[in-house]
Amino acid sequence: MNVRVRYGPSPTGEPHVGNIRTALFDWLLARRFGGQFIVRIEDTDQSRAVEGAEQLILDALTWLGLDWDEGPDIGGPYAPYRQSERLPMYVDAARRLIDEGKAYRCVCSPERLDAVRKSQQKAKQPPGYDRLCRDLNCSADDPHVVRLAMPLDGETIVNDYLRGDVSFQNALLDDHVLLKRDGFPTYHLASVVDDHHMQITHVIRGEEWLSSAPRHVQTYAALGWDEPAWVHIPIIRGPDKGKLSKRHGATSIRQYAEEGFLPEALLNFLALLGWSKDESTTIMSCEEITEAFDLDGLGLSSAMFDIERLREMNARYIRDLDPADFLRRGRPHLEDRVGRPIADDELDRLLTIATAIQERVKLMPEFADYTDFFFAEGPLEYANADLMGRAYKNKPWAALESVEASLRALRSVDEAGWTTPALESALRDLAEERGEKPGAVFTPIRVAATGKRIAPPLFETLETLGQELTVERLNAAAERLARPDD
RNA sequence: GGCCCCAUCGUCUAGAGGCCUAGGACGCCAGCCUUUCAAGCUGGUAGCACGGGUUCGAAUCCCGUUGGGGCCA
């Protein structure tokens, strides 16, 4: 199957998940069938253009791992890939349509259009341009728009790849604008002209475009071109069931990146919104998805963006990371927390405990919560109540006694034997000797060593921390318990 | 309001007439494990929107209703 698909974002802001999911399906189809994935910037609405948005769009694609074969930055056989740089092609198409009597100049003022609309509203008529200029042959010298002369009756069939034939009454479709007063094309003209010239085979886009698809079908017909396959994919809905939009908060791709979602997790999640491989597979690598992807696997009903599911999937991806890779990805967050760069060898000290941390981190920034104490200098901050835990609640003397006993036990471990199994047996024996539950003894050690009630597994933590620092911190804890004034 | 699309557990979905006593995943609940927190394991909860057809037989096909969504205003 020959596949050429395009992602046509408007540079009006950062791409959000709904938008990028379309790009993902484009990309998957292209990669699956060895076709081309094209990025085309649709910047014909000058008033909405946002400086720098184009780069943000490309960055988002890159972050997700969606590479493009042709685009504004790398060019390609059908360059340029910015609509604002392709104006002559739209003007040519419009001129040809006018010459052939399939489109016409319209000089109606916005005020008149407004009045027409109001009277239609009052008369409960379907709204739309009343075609006043259709047979007037208006002069090109006056300010004008160019409109397509749509068929007056009959129906237009949109053969949607997923839905089959969808028919629209032509009587309900007005003569829409192709070229605006400023000479810029509307989406209706530009996308058709570009898709044709760029040899696009499948137009994959959100279902919100289905309503205007008959206009595009008619434009293709007027121009005498073959239509691409129309693939209107279901919209992604927000928690309020409506179309996902900026209103729903964190929807931009960059925000997800910043919040600590892994690109491969987001990609997997997005792919499963409206598509599925089979009855049971949910975790799939990008390669597996690409291999299995097919338009026929797409569903027709719109899916809700369930952030909980994404979070779970992200946690799963984090757990499955190679430990060394996990540490590399966590490093920026740790550096951010401790305020200094962490060198490779420092980071690799965490290798022994990495897996345990991976099981706990749901979002990458939490990496810092489980590692910052390894790199903290000076006394840790924590409450004495945390130090005492439940077992020694309000009994600082008992906690002190326990900490001192632990200190003696830990000091007596010889440096070469400072390993997780050795530490575990030493401290378990101690608890047994003292006739206490392990938790009672371990809690003060954990808090003293990490400054936190919630931390990675204790013995691995102590091993990683080293004997010297462990003893130092337990000493500090003992001192605090000895003068219970705070 | 008009046109269009859609309809399986709370959510994402499998299901293309008998493999369905409707499967999986997330969530949720319970238990196990347990040094905190997690992870893991076991079990459980919960759904074919409704009504008519077609058929020996319908979650699956047709029609209608209802509901949701999109576009236009």
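Worth knowing before you read on, the calculation uses all heavy atoms, side chains too, and leaves out hydrogens, waters and symmetry mates. Below, read A as the first sequence line, B as the second, and so on, with proteins coming before strands; counting in each chain starts at 1. Note that the structure is predicted; figures quoted are calculated from it, not measured.
- Taking the C1' atom of each, B:G40 and B:C6 are spaced 39 Å apart, rounded to whole Å.
- With both ends at atom C1', the span from B:G23 to B:C48 equals 13 Å, rounded to whole Å.
- Side-chain polar atoms of A:Y187 and A:D45 form no donor-acceptor pair below 3.5 angstrom.
- Pair assignment for B:G67 gives B:C6, based on Watson-Crick or G-U wobble hydrogen-bonding distances that are each under 3.5 Å.
- Rounded to whole Å, the P atom of B:A39 lies 13 Å from the corresponding atom of B:C29.
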*Report the C-alpha separation of A:H232 and A:R205 in whole Å, then their side-chain angles, then the decisive distance to 0.1 Å, and conclude whether the side chain to side chain donor-acceptor pair (under 3.5 Å) test is met.*
CA-CA 5 Å; A:H232 292 97; A:R205 72 215 318 190; 3.0 Å; yes

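- Using atom P as the reference point in both B:U8 and B:G47, the two lie 14 Å apart (nearest Å).
- In terms of phosphate contacts, A:R428 brings a side-chain nitrogen or oxygen within less than 4.0 Å of OP1 or OP2 of B:U35.
- At a threshold of 4.0 angstrom between heavy atoms, the contacts of A:L273 are confined to the sugar-phosphate backbone, with no base atom among them.
- Taking atom C1' in both B:C61 and B:G24, one finds a spacing of 26 Å when rounded to whole Å.
- Contact annotation for A:F459: base contact, defined as any heavy-atom pair under 4.0 Å involving a base atom.
- Geometric assessment of A:R473 against the ring of A:F373 yields a negative cation-pi assignment under the 6.0 Å and 45° thresholds.
- In this structure, B:A73 forms no base pair with any nucleotide, since neither Watson-Crick nor G-U wobble geometry is met with both distances under 3.5 Å.
- Backbone-only contact: A:A303 has heavy atoms under 4.0 Å from sugar-phosphate atoms and none from a base.
- Among the heavy atoms of the strands lying under 4.0 Å from A:P457 is at least one base atom, whether or not backbone atoms are also near.
- A sub-4.0 Å separation between OP1 or OP2 of B:A14 and a side-chain N or O of A:S276 is present.
- Using a 4.0 Å heavy-atom cutoff across all strands shown, A:S301 reaches sugar-phosphate atoms only and no base atom.
- Backbone-only engagement by A:S280 is indicated by non-hydrogen atom pairs under 4.0 Å involving sugar-phosphate atoms exclusively.
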Taking only nitrogen or oxygen atoms into account, show me every contact under 3.5 Å that the protein makes with nucleotides 39-42 of chain B, one pair per line with its distance.
from	atom 1	to	atom 2	distance (Å)
B:A39	OP1	A:K362	NZ	3.2

